[in-house]
Each structure stands twice: as C-alpha cells, then as structure tokens.
Amino acid sequence: MSAKRWVESILLQFPMRIALGGVFIFAAFTKISNIQAFAFAIKGFKILDPDKHGHLIISAAYTMPWVEMIAGVLLVLGLWTRAATVTIGLMLVFFIAALLHVIFDPTIDADCSCFGDIQFKCDAAVGWCQVIRDVIMLIPVGYLLWRGGGILALDTLRERNCTPKDAIQDAKPGSPVAEDSFRG
Amino acid sequence: MKCVQTIAGVLAIVGLGYIAGVGHSLVRELPVILGASASTSTQPVPEDDISEVDAPDLQPDPTPAQVDDSELPMGGDFDARLDAAVPDGMLTLRQAHQMWIDGAYFIDSRLQSEYDEGHISLAAYLTAATMFTDEGEAEMQSIPPDAQVVIYCLGGDECDASLNTKAILEQFGYTDLSIMGVGYDEWAAAGLPTSLNEEEGSP
C-alpha cells in the first residue's frame, strides 16, 4: 500500500467517516430517546396526512432513527462503508426534499427536530440553514462513495482476508479455490 | 458486482433498522400517539361561554404577577382582541385570561428561544420534546393531574405544538386541559401580564 493512500486515509477518509458517522449516531440517539417528539416532528412536516397515514408516520418515527444509528456505526467502523454511505446519502437527500417542502409551503410551520430538541448550528424552526447543513454533509458522502472508506476501515481488513487474489496466492496450485478464482 | 453488493447492503441496513424499530416499539411503555391536527376553522365564541369556565380546585398563587381587569386597557378594539375568533374547541383570549385570573396552570409549548424572549406570566415551559427530560418531568410533577391547565403556542392553525402537548399530558392522566386559540403575541399585544424571567415560569 502506497504512502499516498495512508495519508489520504488518515487525513481525509478516516476523519470524514468519524465526523459523518458521529453526527448520525448523535442525531439518532436524540431521536431514539424521545420517539414521541420525533413522531410529532414528522407529522409537523405535513408530508403524510396523519388521519389517513398515521401508521406510516409512527413506523417512520421508530425506523428512521435506528437506520441512522446503524448506518452511523457502520460508517465509523468502516464496515459496509459504501452501503452505509449510500444510506446516509439517501437520507440526506430525503431530508433536504422534506425541508424544501416546508420552506416553500408558507402554511407549514414546522420544527426541524433533526437533533431532537438540540439545535446543532441552526435554529429549531425549519429554514435554509438546515438545507445548507445537509448539503455540506453530502460532500463527505460523495467523497467516501468515490474513494471508499480508506485503509483504516474494517472493510480493508475484510477484503484483504477474503479477496480472490489473496485466495489464489494462498491456495496450492490445482486446489478448488484457485480453480474457482481463475474462472472468475 | 460492487453496485449489487452496495444495494444489498443498503437494504440490509434499512431492514435491520426496521427490526430494531419494531423491537423498540415493543419495549416502549407508552404508545406513540399523533394527537389531533390544528383546525383552520375559526368560530367567534359568544361572551356567555365564559361562564362555563370553572375555577380550578387546586390553584397556584398567581398574585405577584396578577393584574386586575380594571387595569387593562378598555375600548372596542380591546374587546375585539379578547373575543377574536379561535379554532373550534379552543379558548378565546378573554376565556384564557379569566382562567389565568382564576389560577389555572399555563403551559408554553413554543420553542425554548421564544419562551425565553417572553411568555405569559407564571407559565411553565413544557413541550413534546422536553416532556421526557428531567426538566420536563420536574415541571409535570409541579402540576397536579386534576388541575386546570391551559396550553398555548403561536395560536390559530399554527398550533400543533399545543395539541401535541395536550395529547401527551392526557396520556399522563391530566384531565382538565384547554388550549388557548390565540397565540402568545395576541396575549402580549392585548397588554395582558407577561414575563421574561425564566425562573418565574413554574407556577
């Protein structure tokens, strides 16, 4: 492994994974600790009619924070890094769309509740600040999708132990493993 | 191949999140509720209805910040403010003020920053977001479940916060809950007692 890849991992990929994953773990924790308030927050966005689709709002209130938590933990560990990054990216895109829906509909007056009742850099009321914050978080998402989790990720360790190339090197000539690897 | 693995991974994460959410819902003591949505229909309330407002059995002592009706500005404009139209089932400003005089507990369910900038005198700060925190539990312990409670926020059709707070308080056994149909701004604009001091908030 080249020194350049080590430098990139230590200076870019590892800090990005920790920061992005940490933000999502924190956001998930604040929501999990008060699911009721998060359900009210989803209702306040008025994307779904609570009279007709209340069950979906409650399902989302229980599921979304746990998806955030699992994706955040996987990203910090560097395990399933691309899948976790895509999940976080999709959630950010969804959050941005929901925020724009509130911003452009003057009849909706919703609180973000992005980090529970804690204001992280922005006011509680939905506004452009939250949109900009989410767009900024898409930058490391894009980078990690492009470059992967880096050397300091469990994925690297896993791939090193499991790649066909290594399997070929480890396997004796003529063994089934080597044959399968050559066939692709 | 990598793309398929990534998609499978995303689905696995969402699936695990769903399973964890289901498990969470099974171990949670109180069910998650959505309560009612704010109604946009407004009906002026006749003055006679004020007589239906009963004095609470258990009253805090609001005398330090209390103002006598005689000190309030009088006139047609003032009366119009007090009887301004409110959504169905909510209190007019006049009714809410009468309950404040009678010693009802007031709960502010707006944002913390809005509460800090000014709130109805003696109003406690309690929202769906703070209700399960130590501060929220302390505020709830200071309000007896059978006390008369008035909840307010921004008023009108932007008053989901009051409805949400009311729905949770009902879960905790509070029985005499009302919502002020107009918001804090209307209360303050009418010259009714307000406070900036957060410490004064708890009745």
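First the proteins, then the strands, lettered A, B, ... as listed; each starts at 1.
Residue A/Val86 is tested with B/Ile13, B/Ile7, B/Val10 for a side chain to side chain contact (heavy atoms under 4.5 Å, CB included); the sole match is B/Val10.
Looking at every heavy atom in both residues, B/Ala12 comes nearest to A/Trp80 through CB-CZ3, 3.7 Å. In terms of heavy atoms, A/Ala37 sits closest to B/Ala128 at CB-O, 3.7 Å. Between B/Asp160 and A/Lys46, the shortest heavy-atom distance links the atoms OD2-CE, 4.0 Å.
The distance from atom CE of B/Met131 to atom CD of A/Gln36, rounded to the nearest 0.5 Å, is 9.0 Å. Note that CG of B/Leu34 and NE2 of A/His53 are 12.5 Å apart. Values are rounded to the nearest 0.5 Å. Between atom CZ of residue A/Phe40 and atom CG of residue B/Leu163 there is a gap of 9.0 Å, rounded to the nearest 0.5 Å. Here A/Thr63 contributes atom OG1 and B/Leu16 contributes atom CG; the two are 11.5 Å apart, rounded to the nearest 0.5 Å. Taking CD1 of A/Ile32 as the start and NE2 of B/His24 as the end, the distance is 7.0 Å to the nearest 0.5 Å.
Heavy atoms of A/Leu74 lying under 4.5 Å from chain B belong exclusively to its side chain. For chain B, no part of A/Ala41 is nearby; none of its heavy atoms comes within less than 4.5 Å. Using a 4.5 Å cut-off between heavy atoms, B/Gln171 contacts chain A through its side chain alone, with no backbone atom that close.
A/Phe94 CZ: 12 or fewer foreign heavy atoms inside a 6.0 Å radius. Annotation: A/Tyr143, atom OH; neighbour count of heavy atoms from other residues, nucleotides and ligands within 6.0 Å is above 12.
Among the candidates B/Leu30, B/Ile168, B/Val22, B/Thr127, the residue making the largest number of heavy-atom pairs closer than 4.5 Å to chain A is B/Ile168. Your options are B/Gly23, B/Ser25, B/Gly15, B/Ala8, and the one with the most heavy-atom pairs under 4.5 Å with chain A is B/Ser25.
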